[in-house]
Amino acid sequence: MFWDGILKRAALASGEGAMTSIVPAPDNGGRHKIRVGLALGAGAARGWSHIGVLRVLEAAGVPVDVIAGCSIGAVVGGCYAAGKLDELERFALSLSKRGVVGLLDFHLGSSGLIAGERLRRLLERDLAELKVEDLGRRFACVATEIGTGHEIWLSRGPLIEAMRASYALPGIFDPVRIKGRLLMDGALVNPVPVTTARALGADVVLCVNLNGDMKLRGTVIQAYGGEEDEVVEAVVEEPRRWGLFAPRANGDKPRPRPKTPGPGIASVMMDAFNITQDRISRSRLAGDPPDVMIAPKLGGIGLFEFHRAAEVIELGRQAAERALPDLQELIGEMQALPA
């Protein structure tokens, strides 16, 4: 098994005086057990790749002691912590395009387009009455508070409500009220919650970044648009409009519409979400980098292509297998540190 190979490389002496971040593990012959933490990132349908990652860790015998999840990462991580990963995988593989649409209970006049009650009832089938603090390992979901922008770590209370708050994408799902706070998707503040996993006591943090393969590497492009006088002239000539139907200045004739139409509203929203999440992820990971990062090649997977679960799970498995030697080596080195 995984730990047998690690222990052969270790040269630890048993005894007291261990580092405070290392938890004693009597079953390891007096040596110390490294607490492995997972930070499972946001990314909607791309999050099925978390299942593939977890399968590789299970097969390698890597014990996961801590899980921090955001959005879809909270759903997969919560099901895994509750011992329901098999049920979640079967559900994911059963989805078709029609099945995905059937889970969406659209409604108007509220804070989101989708009420989310059908998804809640689906989660209740296997997770009803479970509380976060009663799971077999440390677990927390990341959410964002509406109004303040606070980053909220949900580490106690009903598991389903914590998950729902973490994936409540603004404008799509209704926000979730927990203990007087109105919460929405944690991807707005911490898409890959490495900081949360460390705070929960992980010695080694493995993160799964679902946006690591995106073609978004935005930078600043300066002085773009031609000569300065041309830019100023274009601004001056454009009539000022104060409303949607305000009259044009000086009776100007309507300008002809461009022949090539722009992207639709759904495309614009998804692109904006991708860009925002990528920028936030890079910023947070630069400030608190993981020990090992897994970045599945998900550039060709759309945010709402939940019906492509088999393909996405396999991409997660492949990425985890590539990163596994680095993880094993790192844990082995930490195990070999003097007590």
Study note, to complete from the structure: salt bridge (Lys or Arg N to Asp or Glu O under 4.0 Å) with Asp65: of Arg138, Arg35, Lys33, only one passes, and it is Lys33
Review point. Got a donor-acceptor contact below 3.5 angstrom from the His50 side chain to the Gly69 backbone?
Key: no
Review point. Which atom names give the shortest non-hydrogen contact between Ala140 and Leu200, and what distance separates them?
Key: CB-CD1, 3.8 Å
Check your understanding: Are the side chains of Leu103 and Val100 in touch, meaning some heavy atoms are under 4.5 Å apart?
Key -> no
Point to revise | Residue pairs fulfilling ring pair (Phe, Tyr, Trp, His ring centres under 6.0 Å) with at least one residue in residues 138-166, sequence neighbours excluded | key: none
Point to revise | pair Leu188-Pro170: side-chain heavy atoms closer than 4.5 Å | key: yes
Practice item. Measure the spacing between OG1 of Thr144 and CD of Glu151 and express it to the nearest 0.5 Å. Key: 7.5 Å
Practice item. Return the set of residues passing side-chain contact (heavy atoms from CB on, under 4.5 Å) with Ile146 (not counting sequence neighbours), or none when no residue passes. Key: Pro175, Leu182, Met184
Point to revise | Worked verdict on Val53 versus Leu40 for side chain to side chain contact (heavy atoms under 4.5 Å, CB included) | key: CA-CA 10 Å; Val53 171; Leu40 302 181; 5.6 Å; no
Revision key, fill the gap. For residues 177-195, the salt bridge (charged side-chain N to carboxylate O under 4.0 Å, His left out) pairs (sequence neighbours left out) are Glu145-Arg181
Practice item. Considering non-hydrogen atoms only, spot the tightest contact between Ala187 and Ala42 and give its length. Key: CB-CB, 3.7 Å
Review point. Which residues, ordered by chain and number, are linked to Val176 in its hydrophobic cluster, where ILVMFWY side chains connect at heavy-atom gaps below 4.5 Å, directly or through other members?
Key: Ile152, Leu154, Ile178, Leu183
Check your understanding: Are any of the side-chain heavy atoms of Tyr167 and Ile72 separated by less than 4.5 Å?
Key -> no
Review point. Can you check whether Thr196 reaches Val66 side chain to side chain, under 4.5 Å on heavy atoms?
Key: no
Check your understanding: Linking I/L/V/M/F/W/Y whenever their side-chain heavy atoms sit closer than 4.5 Å, directly or via other members, would Leu93 and Ile301 fall into one cluster?
Key -> yes
Exercise for review: Mind jotting down which residue pairs meet the salt bridge (charged side-chain N to carboxylate O under 4.0 Å, His left out) criterion with at least one end in residues 66-75? Sequence neighbours excluded, please.
Suggested key: none
Review point. Among all residues two or more places apart in sequence or in another chain, which pass the side-chain contact (heavy atoms from CB on, under 4.5 Å) test with Val292?
Key: Leu206, Ala323, Leu327, Leu330
Review point. Just by distance, with hydrogens left out, do Asn190 and Thr195 show a side-chain donor and acceptor under 3.5 Å apart?
Key: yes
Exercise for review: Drop me the distance from Ile160's CD1 to Leu123's CG, to the nearest 0.5 angstrom.
Suggested key: 5.5 Å
Check your understanding: Do Val312 and Phe306 have side chains that get closer than 4.5 Å, going by heavy atoms?
Key -> no
Exercise for review: Compare every heavy atom of Phe173 with every heavy atom of Ala168, then report the nearest pair and how far apart it is.
Suggested key: CA-CB, 3.8 Å
Revision key, fill the gap. Between the CG atom in Leu122 and the CG atom in Leu88, the distance rounded to the nearest 0.5 Å is 9.0 Å
Practice item. Look only at the side chain of Ser166 and the backbone of Cys141, and say whether a donor-acceptor pair between them is shorter than 3.5 Å. Key: no
**Study point:** side-chain contact (heavy atoms from CB on, under 4.5 Å) partners for Ala82, two or more places apart
**Key:** Lys84, Leu127, Leu130, Leu135, Leu159
Point to revise | salt bridge (charged side-chain N to carboxylate O under 4.0 Å, His left out): pairs with one or both residues in residues 298-315, sequence neighbours excluded | key: Glu305-Arg308, Arg308-Glu311, Glu314-Arg317
Review point. What residues form a ring-ring contact (aromatic ring centres under 6.0 Å, His included) with Tyr80, not counting sequence neighbours?
Key: none
Practice item. Answer with yes or no whether the hydrophobic clustering places Leu38 together with Val142; edges join I, L, V, M, F, W, Y residues whose side-chain heavy atoms lie under 4.5 Å apart. Key: no
Review point. If you measure from OG on Ser281 to CG on Asn209, what distance do you get to the nearest 0.5 Å?
Key: 5.5 Å
Study note, to complete from the structure: Output for pair (Cys70 SG, Arg284 CZ), nearest 0.5 Å, gives 10.0 Å
Check your understanding: Which pair of non-hydrogen atoms, one from Pro191 and one from Val189, has the smallest distance, and what is that distance?
Key -> CD-C, 4.0 Å
Exercise for review: Could you work out the complete set of other residues in the hydrophobic cluster of Val194, with links drawn between I, L, V, M, F, W and Y side chains under 4.5 Å apart?
Suggested key: Val192, Val205, Leu285, Met293
Practice item. Quick one: pull up CG in Leu169 and OG in Ser71 and give me the separation to the nearest 0.5 Å. Key: 7.0 Å
Point to revise | Any residue meeting side chain to side chain donor-acceptor pair (under 3.5 Å) with Arg55, in chain and number order, not counting sequence neighbours | key: Glu58, Asp86, Glu89
Study note, to complete from the structure: For Ala197 and Ala68, the nearest pair of non-hydrogen atoms, with its separation, is N-CB, 3.7 Å
Review point. Where is the tightest heavy-atom contact between Ala320 and Ile294, given as atom of each residue plus distance?
Key: CA-CD1, 3.8 Å
Point to revise | Residue pair Asn211 / Arg46, side-chain heavy-atom distance below 4.5 Å | key: yes
Check your understanding: Ile313 versus Ser49: any side-chain heavy-atom pair under 4.5 Å?
Key -> no
**Study point:** Residues, nucleotides or ligands: over 12 heavy atoms within 6.0 Å of Arg322 CZ
**Key:** yes
Check your understanding: Are Asp203 and Met334 close enough that some pair of their side-chain heavy atoms sits under 4.5 Å apart?
Key -> yes
Point to revise | Pairs satisfying side chain to side chain donor-acceptor pair (under 3.5 Å), at least one member in residues 122-137, at least two apart | key: Arg120-Glu124
Point to revise | Basic-acidic side-chain contact under 4.0 Å: Arg198, Asp288 | key: yes
